[in-house]
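All of these numbers come straight from a predicted model, not from anything done at the bench.
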Amino acid sequence: MEIRIDKWLWATRVFKTRSLATDACRLGRVTIDGMNVKPSRMVHTGDVISVKKPPVTFTFKVIGITQNRVGAKLVPEYLENLTTPDQYELLEMVRIGGFVDRRKGLGRPTKKEGREMKQFTDEAFFGFDDFDWDDLGGDDEDDTTADNN
């Protein structure tokens with residue numbers, strides 16, 4: 001039994017929609033045994049598929065073929081995850097980086113990010129709220145009253 005790569009990636013829940021799987025194939029983000037593939041490429045049992053979802057490259061071995069989308073619990077019957085641990089570490093580092101590396105145009109910070117930024121700035125300016133700014137210019141008042149007399 002054979003099936004198109006885009007349909008298999010969708011059926012095994014690697015991509016949320018079939019059109020996303022098709023676009024990934026067209027953009028060269030999907031490879032079988034190290035070669036870029038078109039969405040119409042047929043998948044066979046035993047193929048090793050690499051999927052680039054920046055910043056991570058996931059690697060899967062085809063165990064079974066299915067034409068229909070399967071439940072998450074059934075996915076291990078159709079693919080074996082060969083993704084290396086360093087790829088998952090890279091993914092975790094990106095998640096931890098969060099709002100620090102926020103690029104322009106990504107929208108407003110979330111509530112959590114806003115609280116973290118407020119806490120950071122409160123700690124940075126700790127002690128300045130109690131400062132008495134009037135004590136700096138105490139001599140100016142005496143000079144002005146002396147000139148008026």
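Side-chain contact between Ile49 and Asp33 is absent, with no heavy-atom pair separated by less than 4.5 Å. The shortest distance between side-chain heavy atoms of Asp47 and Arg41 falls below 4.5 Å. The shortest side-chain heavy-atom distance between Lys53 and Phe15 falls under the 4.5 Å cut-off.
Partners of Thr84 by side chain to side chain donor-acceptor pair (under 3.5 Å), not counting sequence neighbours, listed by chain and number: Asp86. In this structure, the salt bridge (Lys or Arg N to Asp or Glu O under 4.0 Å) partners of Arg18, at least two apart in sequence or on a different chain, are Asp6.
Atoms SG and CZ, from Cys25 and Arg4 in turn, are 8.5 Å apart once rounded to the nearest 0.5 Å. Distance check: Trp10 CH2 to Ile5 CD1 gives 14.5 Å after rounding to the nearest 0.5 Å. In this structure, Lys112 NZ and Arg115 CZ are separated by 8.0 Å, a value rounded to the nearest 0.5 Å. Distance check, rounded to the nearest 0.5 Å: NZ of Lys52 to CD of Gln87 gives 11.0 Å. Summarising the geometry, atom CZ belonging to Arg13 is positioned 12.0 Å from atom CG belonging to Leu79; distances are rounded to the nearest 0.5 Å.
Around CE of Met1, the count of heavy atoms belonging to other residues, nucleotides or ligands within 6.0 Å exceeds 12.
Residue Ser50 comes nearest to Thr57 through the heavy atom pair CB-CG2, 4.2 Å, listed as atom of the first residue, atom of the second, then distance. Scanning both residues, Gln67 and Ile3, for their nearest heavy atoms gives CA-CD1, 3.4 Å. Contact detail for Pro39 and Arg26: the closest heavy-atom pair is CG-CG, 4.0 Å. For the residue pair Phe58 and Tyr88, the shortest heavy atom distance occurs at CE2-CE2, 4.0 Å.
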Could you pull out all donor-acceptor pairs under 3.5 Å where a side-chain atom in residues 59-66 meets a protein atom, sequence neighbours excluded?
unit_1	atom_1	unit_2	atom_2	d
Thr66	OG1	Asn68	N	3.4
Thr66	OG1	Asn68	O	3.0

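Cluster membership check: Leu74 shares its hydrophobic cluster with Val43, using side-chain heavy-atom separations under 4.5 Å among Ile, Leu, Val, Met, Phe, Trp and Tyr.
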